[in-house]
> 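First, the structure itself, so that you have it in front of you.
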Amino acid sequence: MAEVYNPKIVEERIKKFWENEHIYKFDPKKSGKVFSIDTPPPTLSGKMHIGHAYSYSQQDFIVRFRRMFDGNVFYPFGTDDNGLPTERMIEKIKNVKSKNMKREEFIELCLKTLKEITPDFIADWKNLGVSCDYELYYSTIDDNSRKLAQKSFLELYKKGFIYKKAFPTLWCPECQTSVAQAELDDKELPSLFSTVRFKCDEKDLLIATTRPELLPACVAVFVHPNDKRYNNIIGEKAQVPLFNYKVPIIADESAQMDKGTGVLMICSYGDKYDAEAINKLKISPRIVLNYDGTLNIGKYKGMKIKDARKKILEDLKNAGLITEQKQITHAVNTHDKCGTEIEFLPTEQWFIRILDKKKDFLKQGNNIKWHPEFMHKRYDNWVNGLEWDWNISRDRHFGVPIPVWECKKCNEIIIANEKEIPIDPSEFKKKCPKCGQLAKGEEKVFDTWMTSSISPQIVYSLSNGRIKLPFSLRPQAHDIIRTWLFYTVVKSLYHENQIPWENTVISGFVTLSGEKMSKSKGNTVSPQEVMEKHSSDALRFWAAGSKLGEDLDYQEKDLIAGKKFETKLFNASNFVFMNLADYKYEKPKKLEKIDELFLKKLNNLVKSCTESFLNYEYSRSKLETEKFFWQMFCDNYLEIVKKRIYSSGGDKKISAQFALYAGLLVILKLIAPIMPFITEEIYQRHFKKIEKDKSIHISKWPSFNKEERTDILDLFIDVLTKVRQEKSIAKKSMKAEIVLILDKDTKNKLKDLLEDLKDVCCAKEIKEGKEFKVEFA
RNA sequence: GGGCGAUUAGGCUAGUGGCAAACCACCUCGUUUACACCGAGGAUUCAGGAGUUCGAUCCUCUUAUCGCCCACCA
């Protein structure tokens with residue numbers, strides 16, 4: 001009984017081998033070109049999910065190819081573990097609320113928890129065979145990252161790109177922090193659209209709203225200047241119901257006549273346009289919301305927004321102030337981290353100026369090569385739609401502190417000295433150089449993207465100057481084009497006045513029965529279970545099944561296909577080496593014609609796969625190699641040379657053995673980036689003693705010549721197929737003996753291959769006749 | 001409403017200006033000197049319309065459906 005391939009044991013062993021032998025260790029001393037990767041640092045949140053497995057596999061295909069092709073890759077690994085996502089995770093697993101804890105206490109808990117969970121988290125990446133140099137490691141909260149993030153702030157501040165401003169900003173009442181435009185999601189939510197009775201000179205002025213709780217925040221009423229219904233009251237005052245104060249009625253074109261009643265209520269602050277209008281008209285705002293999303297006014301004080309809305313509607317109704325109500329659904333902006341509806345609150349925040357540089361960002365985008373190209377448009381689309389400068393401050397605890405002090409007396413801003421970073425300014429006061437008073441340290445921290453957007457600079461610092469900026473490649477998924485990718489471009493432009501990387505490859509998503517996977521829907525697949533059940537190689541094989549940027553449906557049978565491929569590779573390799581027992585690893589004096597043709601075909605495959613990989617088309621390469629291996633190598637070539645190997649000797653046999661050895665090795669190398677474990681196992685078992693490279697993954701990518709003609713072999717296969725067809729029709733065994741009749745032309749073309757044709761067709765004789773025919777004995 | 005993408009066999013996906021493809025599933029057969037599996041063969045397919053072309057699944061326009069991103073939040 002043949003040995004069965006056991007991926008569970010093999011993959012574990014191979015993984016340890018790579019680790020112990022430091023196969024993927026970056027060698028700064030090695031000369032020549034380095035292919036450098038700005039690896040995405042996954043957000044530390046429990047476990048790797050299938051989307052990670054999908055996109056990290058895809059980037060690893062490319063990197064593994066480059067390692068073999070270019071000889072040296074710089075492939076670091078980091079974890080993104082600060083800021084809101086990390087806080088939320090810690091709050092969840094430790095069942096705490098950061099806002100209820102002392103800052104130092106919470107930070108300590110975060111750091112301690114991270115230490116506990118990080119190794120297990122990274123283990124998933126290693127299990128998947130992602131070939132990073134895990135010793136080139138960073139965390140976005142470690143000393144070096146904090147230092148570089150603060151340094152980035154100091155530099156940009158000095159260059160005038162950073163400002164602090166009190167401004168109605170996007171605010172999440174759940175997380176109690178300001179957020180950035182890029183952190184907004186849309187949600188379709190049901191809402192009650194109520195028409196409310198305002199008064200103007202004792203006459204009703206009807207205004208429709210979904211936010212009655214903002215009535216006390218109303219500071220003005222807009223009507224369209226051309227709206228005949230309201231022309232006559234422009235300049236007069238309207239009385240706000242329930243709260244009984246007067247606001248001006250102003251003509252403004254932003255009021256659309258066909259929406260609601262055509263009268264628009266301006267509140268501080270209902271949305272961005274309210275904020276702009278109030279700012280433009282220099283009206284003083286009426287702030288009715290607290291940071292925690294409760295109201296601060298009258299009898300509604302302390303109520304949450306939704307409760308206050310209910311209560312106010314009730315009170316309006318009781319006072320007969322509602323004329324109409326209908327249920328609608330409308331899209332609202334929510335916070336992508338927690339799903340809470342976003343509010344606008346005036347707070348002091350730090351911003352990086354980006355709105356005035358849109359053209360430059362578009363230009364930078366043009367200088368990067370996008371794979372696939374259409375992802376570039378998404379970037380342009382985002383840049384064109386920017387409406388806010390980048391808010392980089394968050395009112396939270398666990399993040400990189402903002403290295404500034406502010407003197408309350410003279411409003412002087414004191415930035416940290418570059419020598420003292422990383423620093424937490426909230427821990428002590430600093431003397432104001434102007435007035436000598438003690439200035440208070442900033443308590444806000446940076447948005448996590450402030451740090452991850454300098455990932456190229458962070459990993460550059462790990463390379464001791466061996467790497468050049470820009471990097472060769474940034475791989476990532478498409479959901480963070482507007483954040484990670486965009487912000488990295490911003491930083492590189494502002495700091496180094498260049499693009500961060502020459503290329504970017506963007507992965508798609510994983511779906512299940514056509515639907516996007518998400519925890520809330522509960523339709524997720526655990527990559528850990530898939531690896532356990534089907535092997536990491538099979539998971540990667542599946543991930544190689546679609547192109548860059550394309551979504552892929554998860555189907556278990558694809559995993560089974562990968563597993564079958566492993567079995568086939570394993571068995572074919574064993575079979576080949578069974579037949580190489582007496583082979584002296586020498587070249588034959590003369591190659592048999594068919595062996596030569598087979599090697600030419602192999603050459604063409606190498607050429608095509610190399611071109612595909614260079615073009616980031618790993619799926620094309622995988623498909624071609626898979627087909628070649630299964631059909632050309634196993635089903636045809638092995639069958640063709642079997643008899644020659646079994647029963648002949650001398651140079652004829654050596655010729656076949658030579659081609660088998662070379663063929664299998666090349667196939668293994670071509671598929672090695674996709675399935676690193678099994679190819680390594682076979683290499684170690686059979687090839688290592690001859691090839692000498694410590695690992696197949698640091699061996700040289702097969703070389704190739706120009707495209708070779710193989711028509712004769714194709715003709716040979718055609719004839720073979722036809723013979724098999726005849727046997728199938730006749731319901732005969734493939735081993736049934738025949739007499740084969742070929743037309744003169746065909747027979748002549750195949751004259752050097754007739755012996756092989758006889759062998760593989762089990763033909764007693766090949767005769768020349770009028771046309772193709774198979775005769776059974 | 002704007003942008004982008006997709007639509008290929010029963011399912012999931014490749015692909016090409018010139019015979020439409022792999023895998024799984026299905027049907028028929030064969031297999032014991034690699035492969036409790038493997039092999040051989042078979043049936044079935046380019047969303048609809050118009051245009052460019054000798055020729056379109058591929059290029060252009062258009063319609064429809066689906067997905068993603070953005071905008072809309074009175």
Side-chain angles (χ1 to χ4, degrees), chain A residues 1-5 181 184-189 191 193-196 207-211 214 218 221-222 254-256 259-267 270-274 328-333 341-342 372 374-382 384-387 478-479 481-482 508-509 511 513-516 542 545-547 549-558 560-562 564-565 567-579 617 619-620 622-624 626-627 630-631 634-635 638-639 642 646 720-721 723-736:
Chain A
M1 180 103 338
E3 184 192 351
V4 176
Y5 179 64
Q181 184 185 353
L184 300 182
D185 273 344
D186 298 340
K187 238 194 213 170
E188 282 287 331
L189 290 176
S191 181
F193 195 42
S194 315
T195 305
V196 178
I207 301 184
T209 179
T210 54
R211 304 283 316 259
L214 290 182
C218 180
V221 160
F222 280 9
S254 65
Q256 291 174 32
K259 275 202 174 176
T261 60
V263 187
L264 173 62
M265 150 174 124
I266 301 296
C267 301
D271 57 37
K272 189 175 194 292
Y273 300 99
D274 283 356
I328 57 159
T329 345
H330 67 164
V332 292
N333 279 137
E341 289 178 50
I342 288 296
F374 69 79
M375 290 293 180
H376 183 182
K377 299 230 174 82
R378 292 210 192 179
Y379 170 88
D380 285 353
N381 204 15
W382 175 255
N384 282 322
L386 282 172
E387 297 196 52
H478 63 74
D479 55 331
I481 290 176
R482 66 181 187 177
F509 275 142
T511 57
S513 312
E515 280 195 55
K516 196 174 145 183
W542 162 77
S546 88
K547 290 179 293 185
E550 296 290 323
D551 295 346
L552 181 61
D553 210 60
Y554 176 84
Q555 297 208 94
E556 188 152 21
K557 46 185 189 270
D558 292 337
I560 292 165
K564 277 170 74 175
F565 190 79
T567 306
K568 189 86 176 173
L569 256 185
F570 188 75
N571 288 331
S573 302
N574 286 341
F575 178 64
V576 164
F577 279 91
M578 230 166 70
N579 290 302
E617 295 173 308
S619 60
R620 189 184 263 251
K622 173 242 175 195
L623 191 70
E624 277 187 49
E626 182 188 357
K627 263 170 86 172
W630 207 295
Q631 294 166 13
C634 293
D635 296 344
L638 281 179
E639 293 301 325
K642 249 178 193 173
Y646 291 155
L720 173 57
T721 303
V723 170
R724 285 168 170 167
Q725 215 163 348
E726 290 299 322
K727 288 185 179 179
S728 230
I729 290 166
K731 304 196 173 180
K732 296 272 188 186
S733 156
M734 285 302 132
K735 289 192 173 147

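Lettering of chains follows the sequences in order, A, B, ..., and the numbering in each one begins at 1.
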> For Asp553(A), which contact category applies under a 4.0 Å heavy-atom criterion: base, sugar-phosphate, or nothing?
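Since only primed, P, OP1 and OP2 atoms lie under 4.0 Å of Asp553(A), the category is sugar-phosphate.
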> If you find the nucleotide of RNA chain B closest to Asp185(A) and the one closest to Val263(A), which residue's nucleotide is nearer the 5' end?
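Its nearest nucleotide lies further toward 5', so the answer is Asp185(A).
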> Where the side chain of Ser546(A) is defined as all heavy atoms beyond and including C-beta, which of U33(B), U13(B), A40(B) is the nearest nucleotide?
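Looking only at side-chain atoms, Ser546(A) lies closest to U13(B).
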> Closest to the Asn381(A) side chain: G11(B), C69(B), G41(B)?
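Nucleotide nearest to Asn381(A)'s side chain: C69(B).
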> For G39(B) and Lys568(A) - does any side-chain N or O of the residue sit under 4.0 Å from the phosphate oxygens OP1/OP2?
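Result: yes.
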> Donor-acceptor pair, distance only, cut-off 3.5 Å: does the side chain of Gln181(A) make one with the backbone of Leu386(A)?
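Answer holds: no.
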> Identify whether any heavy atom of Ile481(A) sits under 4.0 Å from a base atom; if not, whether one sits that close to sugar-phosphate; answer base, sugar-phosphate or nothing.
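It contacts nothing in the nucleic acid.
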> Could you check how far NZ of Lys627(A) sits from P of C24(B), rounded to whole Å?
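Result: 14 Å.
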> Should A71(B) form a Watson-Crick or G-U wobble pair with both distances under 3.5 Å, which nucleotide is its partner?
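Across any shown strand, A71(B) pairs with none.
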> Which nucleotide in the list A34(B), G11(B), G15(B) gets nearest to the side chain of Lys557(A)?
G11(B)
> Contact class for Thr261(A) (heavy atom, under 4.0 Å): base, sugar-phosphate, or nothing?
nothing
> Using modelled atom types and a 3.5 Å cut-off, is there a donor and acceptor pairing between side-chain atoms of Lys727(A) and backbone atoms of Lys732(A)?
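No, Lys727(A) side chain to Lys732(A) backbone: no donor-acceptor pair under 3.5 Å.
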> Take atom CG of Leu569(A) and atom P of C38(B), then tell me their distance rounded to the nearest Å.
13 Å
> Within the side chain of Ser194(A), is there an N or O that forms a donor-acceptor pair under 3.5 Å with the backbone of Val196(A)?
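Not a single qualifying donor-acceptor pair exists.
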> For nucleotides 65-68 of chain B, which of its nitrogen or oxygen atoms have a protein nitrogen or oxygen under 3.5 Å away, and what is each distance?
unit_1: C68(B); atom_1: O2'; unit_2: Arg378(A); atom_2: NH1; d: 3.4

> Taking any strand in view, what nucleotide pairs with G51(B) in a Watson-Crick or G-U wobble way, both distances under 3.5 Å?
C59(B)
> Determine which nucleotide pairs with G5(B), using a 3.5 Å limit on both distances of a Watson-Crick or G-U wobble pair.
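Its partner is C66(B).
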> Please compare Lys735(A) and Leu623(A) by the position of their nearest nucleotide in RNA chain B and report the one closer to 5'.
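Final value for this comparison: Leu623(A).
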> Ignoring the backbone of Gln631(A), work out which of G30(B), C24(B), A22(B) is nearest its side chain.
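The nucleotide sitting nearest to the side chain is A22(B).
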> Pairing check on A21(B): which nucleotide meets the Watson-Crick or G-U wobble criteria with it, both distances under 3.5 Å?
U13(B)
> Take atom NZ of Lys377(A) and atom C1' of C4(B), then tell me their distance rounded to the nearest Å.
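Rounded to whole Å, this separation is 8 Å.
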> Can you tabulate the close N/O pairs, meaning under 3.5 Å, that link protein atoms to atoms of nucleotides 71-73 of chain B?
unit_1: C72(B); atom_1: OP1; unit_2: Tyr273(A); atom_2: OH; d: 2.9
unit_1: C72(B); atom_1: O2'; unit_2: Lys259(A); atom_2: NZ; d: 3.3
unit_1: C73(B); atom_1: O2; unit_2: Ala331(A); atom_2: O; d: 2.6
unit_1: C73(B); atom_1: N3; unit_2: Ala331(A); atom_2: O; d: 3.4
unit_1: C73(B); atom_1: N4; unit_2: Asn333(A); atom_2: OD1; d: 2.1
unit_1: C73(B); atom_1: N4; unit_2: Asn333(A); atom_2: ND2; d: 3.4

> Atom CD of Glu626(A) to atom P of A21(B): distance rounded to whole Å?
17 Å
> So, is Arg724(A) close to the G42(B) phosphate, meaning a side-chain N or O under 4.0 Å from OP1 or OP2?
no
> Mind checking who A34(B) pairs with, Watson-Crick or G-U wobble, both distances under 3.5 Å?
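Because no pair has both required distances under 3.5 Å, A34(B) counts as unpaired.
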> Whom does G39(B) pair with, Watson-Crick or G-U wobble, provided both distances fall under 3.5 Å?
C29(B)
> Using a distance-only test with no angle check, is there a side-chain donor-acceptor pair under 3.5 angstrom linking Asn333(A) and Asp185(A)?
no
> Scan Lys727(A) against the nucleic acid and name what it touches under 4.0 Å (heavy atoms): base, sugar-phosphate only, or nothing.
nothing
> For Ala255(A), answer base if it contacts any base atom (sugar-phosphate contacts may also be present), sugar-phosphate if it contacts only those atoms, and nothing otherwise; contact means non-hydrogen atoms under 4.0 Å.
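Here Ala255(A) touches the bases of the nucleic acid.
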> Provide, to the nearest angstrom, the distance between the CZ atom belonging to Phe577(A) and the P atom belonging to C35(B).
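Taking CZ of Phe577(A) and P of C35(B), I get 18 Å after rounding.
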> Measure the distance from CG on Asp479(A) to P on G5(B) and round it to the nearest whole Å.
19 Å
> Quick one: is G42(B) close enough that its OP1 or OP2 comes under 4.0 Å of any side-chain N or O from Gln725(A)?
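Affirmative; the distance criterion is met.
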> Classify the nucleic acid contact of Thr329(A) as base, sugar-phosphate or nothing, counting any heavy atom under 4.0 Å across all strands shown.
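No contact.
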> Just call it for Cys634(A): base, sugar-phosphate, or nothing, with non-hydrogen atoms closer than 4.0 Å on any strand.
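Base contact.
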> Starting the side chain at C-beta, find the nucleotide from C24(B), A14(B), G11(B) nearest to Gln555(A).
G11(B)
> Could you check how far CE of Met734(A) sits from P of U32(B), rounded to whole Å?
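So the two atoms are 12 Å apart, to the nearest Å.
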> Is the ring pair Tyr646(A)/Phe575(A) parallel, tilted or perpendicular, if the boundaries are 30 and 60 degrees?
perpendicular
> Return the value, rounded to whole Å, for the distance between atom CH2 of Trp630(A) and atom C1' of A22(B).
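Computing the Trp630(A):CH2 to A22(B):C1' distance gives 12 Å.
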